[in-house]
Structures are given as structure tokens and as C-alpha cells.
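Since the structure comes first, as C-alpha cells, the remarks are kept for the end.
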Amino acid sequence: MWRSHSRGRLFLNPLRRCLAGVAFAGALAVVDAAAETAPLRIVATTEDLAALAREVGGDRVSVVALASGRQDPHQVDPKPSFISALSGADLLIVVGRELEVAWLPVLQTGSRNGKVQVGGSGYLDASIGVKILEIPTGQVTRAMGDVHAQGNPHYWLDPANGRIIARSIRDKLTQLVPADRAYFDQRYADFDERLAAAEHHWDAALAPYRGAKLVTYHRSWPNFMERWGLEVIGYVEPKPGIPAPPSHIIQLVEEMKRHGARLIVVEPYWSLRTPASIASRAGAEVLVLAPSVGAAAGVTDYIQLFEYNVTHLVEALRATTDR
Amino acid sequence: MTRVPFCLGVLLVLLTAGVPSPAAAQAPPVAPPAAPPVVSPVVSPAVSPQDVQRVRDELDRLRREFDALRRAYDERLIALEQRLAQFGGGPSAPVAPSAPPAPSAPAAPADPAPQAAAGTSKVFNPDISVNGNFLAAAGRNPFATLGPLQLSEVEAAFQAAVDPYARADFYFAIGHEGIEVEEGFITFTSLPSNFQLKAGKMRAQFGKMNTLHTHSLPSADRPLVTGNLVGGDEGLADAGLSLSRLVNNPWVFLELTGEVYAGQSEVFQSTHRSRLAYVGRARAYKDLTESTNIDIGTSAAFGPATVDLPEPLISAPGAPTLQAVGMDKRLIGIDATFRYRPLERAIYQRLNVRAELIWSRQEMPTTPAERAFGMYVNGEYQFARRWYIGARADRSGRVTEADAIDTGASVFLTFWPTEFSQVRGQFRHIRFAEGVRANEFLFQFNFSIGAHGAHVF
């Protein structure tokens, strides 16, 4: 008696079974529809990559950056809140070239998200295909400081590389959401056009200062300086990641005087004490530039990043050179 | 006596809480061929100097892109030749490296494979690192186990992805007792429903201190409570399985972990295959501001332990110590960490304050269960780019002598020349339950070479 009753409940009659089937299919369809209309969730390790992803992805994507533009991208804490962001991501965009080696792998493992693992369907290394400088040749050891064996990772500071990154993002987005190909193509073309126009203007602004000599704190600017023909004659750091001893400071001051370099470019996350002391001895100026989107007020997108840096650099060069 | 292990409950919750949703399997669609950039510089009849500059810039850009293309092709060619050579044929008919790029030539290939020429076995080598911990001790401690100078531990780590679904981490500790597998486990990184499974020998997720390797400790030693209640330097590390789940919610980062171990550690000693040790942990984390965060966890461990019988039972002096096996042991822990690190000054300033409270309950063969309590509070402040100062307060009973309370205090100063080496001095004062006092100075050199994976935050 009890058994038959139970069977009657468990195994539905044909009509109920049909209804249940329809309801289930309906629920699935709702889930599917939700999945289709929900924007693709992108996590970028830096604000620069996030800005480029926004340019190309528009309203079809939601973008989160892990490292703030105001912090040193080498020195990021692998906070569990980043794991939460990564666990739901459809796409992870990384700078690569070992920039995030100290903090990203542990986040990827913690995310439990197969898509964002190296080689996963939602993993994009933005450094593929861009122009990379300072790839060390010969043996690489830590005696050389915190050197990046795969080349200088600050490559986004050349708009030509920014264009290539945007193109990689467009291709990846198209691969993930083929239906939106035309949208991404159009967004990319629009960005490309705006960037080209801006580049023209930046080239003109910096043209008078080709060959000007300056000093930077860290090796963050080789792509930027090469692009506009500015010559970096020395660094505040004697080796990447190593603070300057007094002997290096004395040597650097002499070099600056000899070359007539009267500008020290510093990232906002360094203490200004050492650069200021060098500048006062060498008769130079300290200029804080924005190495990333978000590093200064008003630097809210990739084009603004160069707009800010070019404007301030031109001002400083005008004041410190006789051109 | 409640025999139902708390952790089993955690495991159950873990397993039932998951609403398994099939992982959205995405068949990799064929990447659309990226058309090469086509630029046709239009030369107007009246050519102005700006136009000339523009064309020149455009040419420069094209040249750069062409160079990138050629580099990519050269690398591919080298890789192919190496692969051919591996098949025993040696390089086949030379391919002109300056062949015109095919239309599908991607300046930004959709394939995320690294640009380095693959094909040699070396590229699959794991990240290898070796860490040395040199320790010197001076001062008076009647219970001292440290010599005046020692290379107290060498740790060798090997870490790499196993395949697209898992990674493996091996840590070998080489010390006075020879070489030992400190940890060696596989982690399945892409299970559905935010689960993660680890299998192998590992440090159990019991509190914070137990998960840390010697070289990542904030001080030269471990707190008293670790030595008294949680297995000392080796800690609660055992062969077992660890299943954890991320519980995504809009408020906090929440991770639940359930683990089962063989019961062959410094903390648990099982004599029967059917008697295992269980560990459960819940960890919550929240960013208070962009510079401050709080991390709170609670852990529990349960399993069989071997207990030395109290002395009065031993009849003759010098007779072998008698032991009672399979005595239930339970550990409950609460840990809290507050961190401050201002984003713009992350290189120069940070503060970590951590407290851990541990309650131990050990079943005894002839007397009522011993209930011991231990705790520590540790603070560490970075006041300059390479300098940290810290202090720790200790208090702990002992597993089988809950009323024997040891207390201690330490201050330490650490100099980090780079993130790969550190020099530390520590003054340690301990007042043992026996009434004996120890005042010691510890000096530590900690150094590592090679590629060591990032540590869990």
C-alpha cells in the first residue's frame, strides 16, 4: 500500500511528465537566454588592458581590473577578492612577460575556473604579437636585479602596441562571441581611427624634442621613449628593483651633467626623495608621469593616458631644454 | 562524548551546497583569419610637408608591423625545423624565410601559445626553486633544541601544470633527519561548481600558521602554541584529500574546505585503517577599503592520537614509556588577520596583525579529557622599503597537561635586501610552566634561488 502510493508520486503520469518536461525545457531556455544576453565578463590584470577591453567590447562586456593604476603592477597582493572576480570570469587578459608572476598564478589556481588558466579558452596574453624591448640575451641571473627574462613588460606604453593589443582583444572576443563579430569590428575600427588621429597630434607635439635626454626611475618607459625618439641615459635604480646606493647617485648625477639631461621621470608609486635629491644636484626637474590608466586624475582611458603623459612631458621638456 | 566529527558535517555541507551546473564547454571555434593591415597611402597632387610626414609615419608603422610578422614567422620556422629534426629527418628543404606573408598571417595570433620555440624537452621543466634557512641561536634555554649555528632547513620546490586540468606542487624538506616530502600534491583546477580537489601529502588547512612553510614565516620561529598543540615545525601535514568550494556571494569571499587524512602526522596517530583524521575550515575575507582588509577563519580537526601514559603508572624507573593508542583528539581554531597596505606606497609601508586561538581536547586513558588552550598575537610593520619590525605574544597549555601554561614574547627586526633574501634578528623570552625562563637571541638568513611560485595570501 505504502509502496504503491510512493510509486504513484515518484513516477508521474504521462500528462504530468509532459508538463514537467515543458517546464524544465522552459527553465533551461530562460537560463540560456540569460546566458546569451549577459555581458561577457572580462578580468584584466591592469587598468590599461581593462581600458582597451572596454574600447573594443563596449556594452557587450563587463570589465574589471585587478591592479589599480596607482600601484606598482609588480607589487600586487593576491587578495582573495580577486579570486572571486576571476572565478566568474569568461576572459582573463594578462600583460604577461612575467609582470604578474608574483601574484597571478595563485589567483588563477584559486579561481577554480578552467577558462582562465594558462592555455584555457578564456586566457589572453596581451603581449603576443606586440613589440617587446630589452629581451635579455645570454645568461639571465638575479644578480642583474629583478630582470624579466622575456623582455620588458611595460610594452603598453607605445600606442602602436596598444593597437595590437586591441586587435588581439577583438579577435579573442570574436572567438568567444562570434555573433557579435560586426560589433567588435566596428568598435575596434572606431578606436583605431581615434588612436591614429591622436597619435598624429602626439607625434607633432613631441617632434621638436627628438633626441632629448632624460632619466627614468624604473625601466618602465622604453617603449614610450623609443616611440618618440627620447633618449634615456640612466635610471634612478641601479638595477631593476634595487634601491640606489650613494655611489650610483653620484655617478648618475655626473652622467646627467655630462649629457645635459635635466629631467627625471618617476612613476607615482615611488618615493620622490631620491629623485628629488638627484635632481637638485644635477640641476634637473622631477616629473611624475602616469604609467597606467588610473594613475592620475583624468586619465580614464587609453588615449587619455598618452594625452596626459605627452602634455606633461612636452611642458617639462620645454622648461628644461632650449628647444 | 560527541563522536560525530564536526568536519564531517562541513564536508556534507560542502557537498550538498553545490548546485552543479555543467561547465559551459566551449568548442574552440575556428579563429577568424586576421586580415593583414591594408594601407594605401593616397598621394594627392599637391603634396604638403605634413602629408610627406604622414606617409613616412605610415611607412614606419607598416615596417614595424612587417618586422613583427617576420619575427613571428622566423620563430615558427625554427620551431618547425626543430620538430622535424626530432623526427630524425633533420631540416628539410630550406624554406625561404622572406616568403611573403600569407593572408591569414596574424600579427596577433588567436593561438595563445608562447612565442618561444617549442620542441625541446626543457620547456616542460617545472619551476624549480631552493630555499635555505640558516639559523643561529645564542642565550639560555634549558629546553633548547637549537644548536648555536645550523642550516636548519633546505626546501626544494618543483611546481608546474600537469595537464590542462591540474597542477602539481612538490616541496622537499632536507634537514637533520634527511630528505622528506614536506608536501606533494595535485590540484584539480577546473572542477565544476567552484570545487577544487587536492590529493597527496599536504599541510592541512588548519588555521594560518599551519599552512605556512618555514621560509614564509614572519619570524625566525613558530609560536609556542604551534609547538605545544599543532605539531611544531612539521605541523599537521599528512597524506589525504582536500575538497574546497568557493561560495560566491555579493558580500564576502567565502571558502569552505573539508579534508580527510590518514592520521600519520605530528598531531594525529592512527593505528587502524578505518580511523582517519578530519579537518574542516571556513574562511571569510573582505576588503574594507582598497588598502585594508580582514581575513577571518575557523577550523576544526578531529582524529585519533597516541598518548604517553602518565608517570605514576610506570612501575620501575627506566622502564619503557607506555602509550595508549587511538585516543580521540579534537582541535578547534579561530584566526583573524588585519592587513593595511596603502596602494600608492605598497613598496614602503604595510601592517599585518594576526591572532590565532586554538582549543585542544585530548581524551586520556585513565583521567578525564585534557582541555588545553593556546594563542598568539603577531604584529608586523614595514617602516621603510626594506625594513620590517615585529612583535609576538605567546601563551599555550600542553596537549596532555592543560594546566601547564607556557608564555612568551618576541620582538624581531627583518631586513629584506630583495624579495629573495632576508636577514632577521629576534629576541625571544619564554617562561615555561616549570618556572624556568629562557632568554634567547635568534639570527636568521633566509635565501632562495630559482622560480618559486607565489604564496597564498
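Side chains included, hydrogens not; waters and symmetry mates left out as well; all remaining heavy atoms used. For clarity, every value in this text was computed on a predicted model and none was experimentally measured. Chain letters run A, B, ... following the sequence lines, proteins first, then strands; residues in each count from 1.
For T187(B), the part lying near chain A is the side chain, with the backbone staying farther off; criterion is any non-hydrogen pair under 4.5 Å. Only the side chain of D287(B) comes within contact range of chain A, with heavy atoms under 4.5 Å apart. When heavy atoms are compared at a cutoff of 4.5 Å, R142(A) approaches chain B solely by way of its side chain, counted from C-beta outward. Heavy-atom distances place both the backbone and the side chain of P78(A) under 4.5 Å from chain B. Interface residue F420(B): only side-chain heavy atoms are found under 4.5 Å from chain A. Using a 4.5 Å cut-off between heavy atoms, Q75(A) touches chain B through backbone and side chain atoms alike. In this structure, the portions of L343(B) lying under 4.5 Å from any heavy atom of chain A include both its backbone and its side chain. In this structure, chain B has heavy atoms under 4.5 Å from both the backbone and the side chain of S271(A).
Side-chain polar atoms of Q205(B) and T257(B) form no donor-acceptor pair below 3.5 angstrom. Side-chain contact, N293(B) with R339(B): a donor N or O sits under 3.5 Å from an acceptor N or O.
Using bins of under 30°, 30° to 60° and over 60° for the plane-to-plane angle, the ring pair H218(A)/W270(A) lands in the tilted bin. Ring geometry for W416(B) versus Y388(B): interplanar angle of 30 to 60°, hence tilted.
Salt-bridge formation is detected for the pair D203(A)/R227(A): a Lys NZ or Arg NE/NH1/NH2 atom is positioned less than 4.0 Å from an Asp or Glu carboxylate oxygen. A salt bridge links D335(B) and R281(B); the closest N-O separation between the charged side-chain nitrogens and carboxylate oxygens is under 4.0 Å.
For the set H455(B), R386(B), K286(B), the count of heavy-atom pairs under 4.5 angstrom toward chain A peaks at R386(B). Taking E419(B), E255(B), E290(B) one by one and counting their heavy-atom pairs under 4.5 Å with chain A, the maximum is reached by E290(B). Ranking S87(A), P243(A), G145(A) against chain B, the residue ahead of the rest is P243(A), based on heavy-atom pairs under 4.5 Å. Between chain B and the options A67(A), S81(A), G114(A), heavy-atom pairs under 4.5 Å are most frequent for S81(A).
To the nearest 0.5 angstrom, N131(B) atom CG is 7.5 Å from F447(B) atom CZ.
Side-chain contact check for K131(A) versus L133(A): some heavy-atom pair is nearer than 4.5 Å.
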